[in-house]
Amino acid sequence: MNNSTQVSIPERFKPQEIEIKWQNKWAQDQTYTPDLKRASKPYYNLMMFPYPSAEGLHIGNMYAFTGVDIHGRFMRMQGFDVFEPIGLDGFGIHSENYAIKVGRTPSEHAKISQVNFYRQLHQIGNGFDWSKSLETYDPDYYRWTQWIFVEMFKHGLAYRAKAEVNWCPSCKTVLADEQVIDSKCERCSSAVLKKDLEQWFFRITAYAQRLLQNTYKPQFNWPEKVKIGQRNWIGKKEGININYQIENSSETVNVWTSRPDTNFGATFIVIAVDHPLCQKIVTKEFSMKAKSYIRIAINKPKDIRLAEGRLKTGVFTGAYAINQLNGYKMPIWISDFVLMDVGTGAVVGVPGHDKRDFEFAHAMGIPIKRVVVGTDGDTSEITRIDQVQEEAGTMMNSGFLDGMYIHEAMIKVMDYLENKGWGKRVTVYHLRDWLISRQRYWGAPIPMIYCEMCASEGKSWFTSEEGRYVGQNPKSQISNPNDQKIGNWKLEIGNSMRSMVGWYPVPEAELPVLLPDVKDWKPTGTGEGPLASVERFYETTCPECFGRAVRETDVCDTFLDSSWYYLRYPSVRSFEDGKEKLDIETRNLEVLKNQEIKNSKIHDQKNPSSYFKKSEILPWEDDVTKKWMPIDSYIGGAEHTVLHLLYTRFTWMALKDWGFLKVGQPKKAEFDPDEPFKRFFAHGLIIKDGAKMSKSKGNVVVPDELIALYGADTLRTYLMFLGRFDQGGDFRDWGIAGMHKWLYRVWRLVTESGSSHQESSVAAKKTMAKTIKGVTQDIERLHYNTAIAKLMEFTNWWMDHKEGIDSTIIKSFLLMLAPFAPHMTEELWQQIRMLEVEREKLGNDSKNLDILRNQEIKKLRNQDQKSPNSNFKSIHKEPWPTYDPKLIIEDMVTIIVQINGKLRDSLSINHEDGQIQSIVEKLTLNSAKVRKWLGNYKIKKTIFVPGKLINFVI
RNA sequence: GCCAAAGUGGUGGAAUUGGUAGACACGCAGGUCUCAAAAACCUGUGGCUUCAAAAACCGUGAGGGUUCGAUUCCCUCCUUUGGCACCA
């Protein structure tokens, strides 16, 4: 450039050095550790915690966490006390299988992967509060998971019932759905069978109505598609249960239908292969055929049945049910397309108005009756599937319903059936109860004890002193103002009492039930979990009669672990200052020691009132919970938008109903305290080469190498630039270098102009004002990709106008870049601040500034990280930049000139004139271009949008 | 089959409520600097017609509609992705 030897050489951009330095500084400064008790503007920024897989954190996790972190950093700069915790959802089948594969126990493996995950989570540069991290396999955590199970039980929401599992006869073990491939075992390829097992369920259906209703409240700030997902899953349907008398029998068949309006067209009944009536009503003539059909159908795996498509099979029972409406004799069939666990396990067939019923009737030669006329007016007989009339219409061939529109007929016929005592209106839900039991090892043991002795006497916890006490005073535990919403509490208890004979929850003082270390376990061959072969685990004494008893050996579904973790974060036990969190082993020992002490006291606690006393000891601190709940923002993957969120909402509601949860109350109606999340946002997925990343496809990208090469700042910014945060993006390796180039350019622009101190030009101020406005709006909407684009636009402008940019503008720019590239911006920010301090001391003696600057940078770099710097204030705690709205108003506007809606010219005009149609019209019509296009045509119409557009219609 | 989301240059993607389609980037091409290379910087880059410029025309999965004007709203269809699945 010039001959001067004094030109300062910009400091090289060394992300690896800078990043570690600032991560340490932030930790020392506790930049991201809010005072949970004293925070004045709490903002709980929650992200879905990761499932620690074998490979470690992958780029998809990093994408999600970075997006959430940017939101958190933005809110912090808006003046909020942001709490952003992280943890590990570490129980579950994948960890268990992987551990088996590498020959470790799951807990050994968990320790290794925990170290790896936390290392990776540190290096991505998120503003995590590391003093509050948790792991679901930590006894200190699952103690409370078990406590929630116990409370579910005590409140009648946990019960046992039979449910089908996948069973591999060769491995003698239960398989998860995902371990079944083409109805064969993933490990040994033998055919998978179905097996009925007694399992634990949570009665989430008792909350179905409330879970549904809340989604319609205006405060329910979730994306529409996620709301729809929740509603469809709950799947509320109004219908009627009809009891049909079986001819020549004392039995009746009970059928639920949502279309009783078409009941005059019912010509048959179908019951499930495992319906109890199968044993009772089949006539001798048909019994052989029926038995063989049932035997084959009952073991037919689900996917084989699916592969057979809509092909309808079935057997006639020989029995008939009478349709009371018209006396029609409906043959009763048995078929595998009817499922026992849906509705009443029986269907009434109306083949004229249901395609599936038509297929069945058609295949079996059952008569088809038309009872509805659609808009096409077709009243002919229905002989082809495309004639099946499922849409709305008018009734015919339906006695007293004839001529009515179906909706009117629906009400009339339901009233009629109810009046006659033949049916009863019933609302059903697609939602089924939550299956908690897993016949596995790596999970929280279900904290229940079964006592054979008590069972033989018909006793259970519900007949114990404590159980009776709670049972008599349900209201003392439930603070639910709208009780009918959760169903009849006493009834639930009643239901549980009957099926729970012999069962006792592990006394709270004995929790946690520790998962024993097992070096080698084998399937028991009975369908029980691996713990069933660990004698020292399952052998115990009955809390009631002190006789020999056994523990439940199933473990909890991991969805239970993740249904309450956000409640634990703010109350995670802090260990002594300066001490690292205890590792699992040490903590296990600690808990064991406590348990010994507890065990010795356990049986002193026979006084029922102690139950209530103990309920004061909770997994959370009331004051902290009240301050931070409900969650301000929850962001997570779209794949969890149904199950995880539904279970979480249910757990929250239950804990709240029982009075365990003290929630912050809204001042107006800005949020709903009945819901755990004020706002939920679903981010998109990162794909690679057009497909979701998965190990089997071999397209998993690991962030470590990329961070080593480019630094976390580059990777973060690149990931956020790929596409809109709610839509995900396609990861390509070659794009990241471009992002690195840009950040380096920013580095150079800032360091090069660091020593200049001229005034900003008006143009620069305007450009920055526009940038602040745009970037702020984009970040608020989580449109990070366009926010980055706007910052890039600014740097492009900067390149051409270096002389007009002062440190105020540079600082605004760095503040906006800070959430994306937190390390680099911190470094540059601190350099500028030091320089400013020095400049104040020296006055504007520019001669020495370059030298000074280099000295300061050296100082900064070599700063002893251990010595606290009282002057330090992180860029991440600085307020977000603001702008003067007056600067946004452009002097000149561009008016688009259209003729018949096509762009023909544009006109630059000053802002005021651009608002006035007559001026714009006059100027436009003067333009030669426009005159050429108008020719001799007459202008029929002129459309004018002030400041934007004028359109002549000719 | 049902539910949800999406389809825009060679590529990833932009385009508040309908108002300049392709912002920003990647890639590519040409250039400056250099002995050379890298880095950096500059210029160009939807298609088509054209030596070029200017200009016109075509263009947001396909077809139709509403409108002065449609990537945006409506209808039909096709394709892709995710979820559920014989749900009575």
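Below, chain A is the first sequence line, B the second, and so on; all start at residue 1.
No donor-acceptor pair closer than 3.5 Å links the side chain of A/Ser398 to the backbone N or O of A/Phe264. Using modelled atom types, one side-chain atom of A/Arg716 and one backbone atom of A/Pro819 make a donor-acceptor pair closer than 3.5 Å. Listed for the A/Thr344 side chain is a donor-acceptor partner under 3.5 Å among the backbone atoms of A/Asn254.
For A/Ile228, whose side chain is taken as the heavy atoms from C-beta onward, the closest listed nucleotide among B/U16, B/U17, B/C3 is B/C3. Considering only side-chain atoms of A/Gln898, the nucleotide from B/C84, B/G19, B/C87 that sits closest is B/G19. When distances are taken from the side chain of A/Lys741 to each of B/C86, B/A40, B/C68, the shortest belongs to B/A40. Taking every side-chain heavy atom of A/Glu793 into account, B/A23 is the closest of B/A23, B/C3, B/G19. Closest approach to the A/Arg724 side chain among B/A14, B/U20, B/A23 is made by B/A14 (side chain taken as heavy atoms from C-beta onward). The side chain of A/Ile896 sits closest to B/U20 out of B/C3, B/A56, B/U20. Counting only heavy atoms from C-beta on, A/Met792 has its side chain closest to B/C24 among B/A14, B/A15, B/C24. Nearest to the side chain of A/Gln777, among B/C84, B/U16, B/C24, sits B/U16. Minimum atom distance to the side chain of A/Phe721 is reached by B/C24, of the listed B/C87, B/U20, B/C24.
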Take A/Tyr63 and A/Phe725 through the ring pair (Phe, Tyr, Trp, His ring centres under 6.0 Å) test and state the conclusion after the steps.
CA-CA 9 Å; A/Tyr63 174 77; A/Phe725 190 48; 5.4 Å; yes
Test log, rule side-chain hydrogen bond (donor to acceptor under 3.5 Å, both in side chains), inputs A/Tyr293 and A/Thr313:
CA-CA 9 Å; A/Tyr293 180 83; A/Thr313 59; 2.7 Å; yes
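Here, B/A55 and B/A36 have their C1' atoms 45 Å apart, quoted to the whole Å. A gap of 7 Å separates the P atoms of B/U8 and B/G12, to the nearest Å. Comparing B/G27 with B/A4, their P atoms sit 40 Å apart, to the nearest whole Å. To the nearest whole angstrom, the two C1' atoms, one in B/C74 and one in B/U80, are 23 Å apart. Atom P of B/A38 sits at a distance of 13 Å from the matching atom of B/G30, rounded to the whole Å. The same atom, P, is picked in B/U71 and in B/U16; the two are 13 Å apart, to the nearest Å. Going from the P atom of B/C28 to that of B/G63 covers 34 Å, rounded to whole Å. Look at the P atom in both B/G1 and B/U72: the space between them is 26 Å, to the nearest Å.
Residue contacts for A/Val338: at a heavy-atom cut-off of 4.0 Å it reaches a base atom on one of the strands shown. Looking at heavy-atom distances under 4.0 Å, A/Gly738 makes contact with sugar-phosphate atoms alone, never a base. Using a 4.0 Å heavy-atom distance criterion, A/Leu722 is classed as a sugar-phosphate-only contact. Residue A/Val347 is in base contact, counting any heavy-atom pair closer than 4.0 Å across all strands shown.
Rounded to a whole Å, the CG atom of A/Leu903 is 20 Å from the P atom of B/G18. At whole-Å resolution of the value, CG in A/Asp726 and P in B/A4 are 17 Å apart. Atom P of nucleotide B/A25 and atom CE of A/Met799 are separated by 11 Å, given to the nearest angstrom. A/Leu949 places its CG atom 14 Å from the P atom of B/G18, with the value rounded to the nearest Å. Nucleotide B/U67 holds its C1' atom 11 Å from the CG atom of A/Asn951, rounded to whole Å. For the pair A/Arg432 CZ and B/A85 C1', the interatomic distance rounds to 11 Å; values are reported in whole Å. The nearest whole Å value for the distance from the CZ atom in A/Phe820 to the C1' atom in B/A25 is 15 Å. The CG-C1' distance, from A/Asn796 to B/A23, rounds to 11 Å in whole Å.
Atom CD1 in A/Ile896 sits 11.5 Å away from atom CG in A/Asn951 (nearest 0.5 Å).
Of the side-chain N and O atoms in A/Lys225, none sit less than 4.0 angstrom from OP1 or OP2 of B/A5. Proximity of A/Arg231 to the phosphate of B/C3: no side-chain N or O atom is located under 4.0 Å from OP1 or OP2. Taking side-chain N and O atoms only, A/Asn785 has no distance below 4.0 Å to OP1 or OP2 of B/A23. Using a 4.0 Å cut-off, some side-chain N or O of A/Arg745 falls inside it from OP1 or OP2 of B/C41.
The partner of B/A4 is B/U81, judged by Watson-Crick or G-U wobble contacts that both fall below 3.5 Å. Across the strands present, B/G46 finds its partner in B/C58; the criterion is a Watson-Crick or G-U wobble pair with both atom distances under 3.5 angstrom. As the counterpart of B/C41, B/G31 is assigned, both hydrogen-bonding distances of the Watson-Crick or G-U wobble pattern falling under 3.5 Å. Searching all strands for a Watson-Crick or G-U wobble partner of B/U72 with both distances below 3.5 Å returns nothing. In this structure, B/G10 and B/C26 make a Watson-Crick or G-U wobble pair, each of the two defining distances being under 3.5 angstrom. Partner assigned to B/A36 is none, using Watson-Crick or G-U wobble distances below 3.5 angstrom.
Both A/Gly735 and A/Asp800 sit near RNA chain B, but only A/Gly735 has its closest nucleotide nearer the 5' end. Mapping A/Asn900 and A/Val348 onto RNA chain B by nearest heavy atom places A/Asn900 closer to the 5' end of the strand.
You'll find a donor-acceptor pair under 3.5 Å spanning the side chain of A/Lys312 and the base of B/C86, going by distance alone.
For B/G61, the base adopts the anti conformation, since its glycosidic angle falls more than 90 degrees from zero.
Both the sub-6.0 Å distance and the 45° axial angle are satisfied by A/Arg748 relative to the ring of A/Tyr744.
Electrostatic pairing of A/Arg259 and A/Asp354 does not count as a salt bridge here, judged by no charged N lying under 4.0 Å from a carboxylate O. The existence of a salt bridge linking A/Lys227 and A/Glu224 is confirmed by a sub-4.0 Å separation between a basic side-chain nitrogen and an acidic carboxylate oxygen.
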